[in-house]
Amino acid sequence: MKNRDSCTTEDFESMSWHDVHVHGFRLASFNEAESTADLVFDIDYILEWKQDGCVFTFVVCPATLCFKDAFDLQFSLDYAKPTAGMCPFSINRIRREQIEFPTGYKSYQWVIEIDWPNGEICFQSPGFIQTLTGSPKSVAEQWLSSELRNNS
């Protein structure tokens with residue numbers, strides 16, 4: 001996603017969400033006739049991993065990841081079992097599988113694997129758009145502090 005403000009479903013194969021932190025999510029743009037809504041995640045997208053010897057730094061930018069016309073949402077996130085303090089959860093990876101309905105309508109089954117704390121988000125959606133919403137920052141962590149997010 002370097003040097004671009006947004007990416008779409010067509011860019012999926014070239015993107016990675018490993019260790020991307022999620023600060024919030026919401027449903028938007030409800031379509032009652034189709035029983036769908038946009039599923040929107042407020043994330044810190046890692047644009048670049050830099051390594052200098054054993055030390056890593058990251059170029060991170062606030063972004064929104066919006067899955068259009070989502071349906072069949074299943075959400076599992078367990079902060080209690082590992083006695084995790086409340087913090088943004090982090091993505092391990094996002095998988096997709098194309099599905100076709102008897103009507104000929106094509107969509108994707110999406111699985112967002114969460115690595116901290118343990119969890120998974122599953123749903124169907126025909127695609128996504130990810131948009132950078134702030135300025136990239138070079139940081140020692142894989143996320144932005146509240147202060148850096150608010151000043152982006």
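- Using a 4.0 Å cut-off between charged nitrogen and carboxylate oxygen, Asp115 and Arg93 do not count as a salt-bridge pair.
- Nearest heavy-atom pair across Pro62 and Ser135 is CD-O, 4.0 Å.
- By the 4.5 Å heavy-atom criterion applied to side chains, Phe75 and Phe123 are not counted as neighbours.
- With rounding to the nearest 0.5 angstrom, the CD atom of Glu141 is 14.5 Å from the CZ atom of Phe56.
- Hydrophobic clustering of Ile, Leu, Val, Met, Phe, Trp and Tyr side chains at less than 4.5 Å, counting indirect connections, keeps Phe71 apart from Phe41.
- Under the 4.5 Å side-chain heavy-atom criterion for grouping Ile, Leu, Val, Met, Phe, Trp and Tyr, Ile94 is not connected to Val40 through any hydrophobic cluster.
- The aromatic rings of His21 and Trp143 are tilted relative to each other, their planes meeting at an angle between 30° and 60°.
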Exercise. Would you check, one step at a time, whether the test side-chain hydrogen bond (donor to acceptor under 3.5 Å, both in side chains) holds for Gln130 with Trp17?
Key: CA-CA 11 Å; Gln130 180 172 294; Trp17 290 272; 2.8 Å; yes
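- Under the 4.5 Å side-chain criterion, counting only non-hydrogen atoms from C-beta, Phe101 is in contact with Gln124.
- Atom-to-atom distance recorded for Arg95:CZ and Phe12:CZ is 9.5 Å, nearest 0.5 angstrom.
- Residues Leu77 and Pro117 have side chains in contact (heavy-atom distance under 4.5 Å, counting atoms from C-beta outward).
- Taking 4.5 Å as the limit, some side-chain heavy atom of Val139 sits within range of a side-chain heavy atom of Leu148.
- The same ILVMFWY cluster, assembled from side-chain heavy atoms under 4.5 Å apart, contains both Val22 and Ile112.
- Open room surrounds CD on Glu97; 12 or fewer heavy atoms of other groups in view lie less than 6.0 Å from it.
- In this structure, CG on Asp69 lies 6.5 Å from CG on Asn31, to the nearest 0.5 angstrom.
- Ile129 and Leu27 end up in different hydrophobic clusters when Ile, Leu, Val, Met, Phe, Trp and Tyr side chains are linked at under 4.5 Å.
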Quiz item: Does the pair Glu147 and Ser145 meet the rule for a side-chain hydrogen bond (donor to acceptor under 3.5 Å, both in side chains), with working shown?
Solution: CA-CA 5 Å; Glu147 181 179 301; Ser145 67; 5.8 Å; no
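- In the displayed structure, Glu100 atom CD is contacted under 6.0 Å by more than 12 heavy atoms of other residues, nucleotides or ligands.
- Atom NE2 of His18 and atom CD of Glu113 lie 11.0 Å apart (nearest 0.5 Å).
- For the atom pair OG (Ser90) and CD1 (Ile43), the distance works out to 12.5 Å, reported to the nearest 0.5 Å.
- Residues Arg96 and Glu13 have side chains in contact (heavy-atom distance under 4.5 Å, counting atoms from C-beta outward).
- Put simply, the side chain of Asp11 never gets that close to the backbone of Cys7: no donor and acceptor are under 3.5 Å apart.
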Quiz item: Step by step, would you call Leu73 with Ile121 a side chain to side chain contact (heavy atoms under 4.5 Å, CB included)?
Solution: CA-CA 7 Å; Leu73 175 64; Ile121 304 169; 3.8 Å; yes
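- The main-chain N or O of Lys68 is found under 3.5 Å from a side-chain atom of Ser125 such that the two form a donor-acceptor pair.
- At least one donor-acceptor pair closer than 3.5 Å links the side chain of Asp78 to the backbone N or O of Lys81.
- Remark: the backbone N or O of Leu144 is paired with a side-chain donor or acceptor of Asp44 at under 3.5 angstrom.
- Sparse packing is recorded around CD of Glu32, with 12 or fewer heavy atoms of other residues, nucleotides or ligands lying under 6.0 Å away.
- For Ala70 against Leu39, the heavy-atom pair with the smallest separation is CB-CB, 4.0 Å.
- Between the side chain of Ser107 and the backbone N or O of Ile99 there is no donor-acceptor pair closer than 3.5 Å.
- Judged purely by atom type and a 3.5 angstrom limit, Thr57 has no side-chain atom pairing as donor or acceptor with the backbone of Ala140.
- The ring pair (Phe, Tyr, Trp, His ring centres under 6.0 Å) search around Tyr108 returns Trp110, not counting sequence neighbours.
- The same ILVMFWY cluster, assembled from side-chain heavy atoms under 4.5 Å apart, contains both Ile114 and Met86.
- Between Cys61 and Pro136 the shortest heavy-atom distance is SG-N, 3.8 Å.
- Here SG of Cys66 is found 12.5 Å from CG of Asp42. Values are rounded to the nearest 0.5 Å.
- In terms of heavy atoms, Tyr105 sits closest to Pro126 at OH-CG, 3.6 Å.
- Applying the side chain to side chain contact (heavy atoms under 4.5 Å, CB included) criterion to Cys87, with sequence neighbours excluded, gives Tyr79, Trp116.
- The backbone N or O of Cys122 sits nowhere less than 3.5 Å from a side-chain atom of Glu120 that would complete a donor-acceptor pair.
- Shown here are the ring pair (Phe, Tyr, Trp, His ring centres under 6.0 Å) partners of Phe58, two or more places apart in sequence or in another chain: Trp49.
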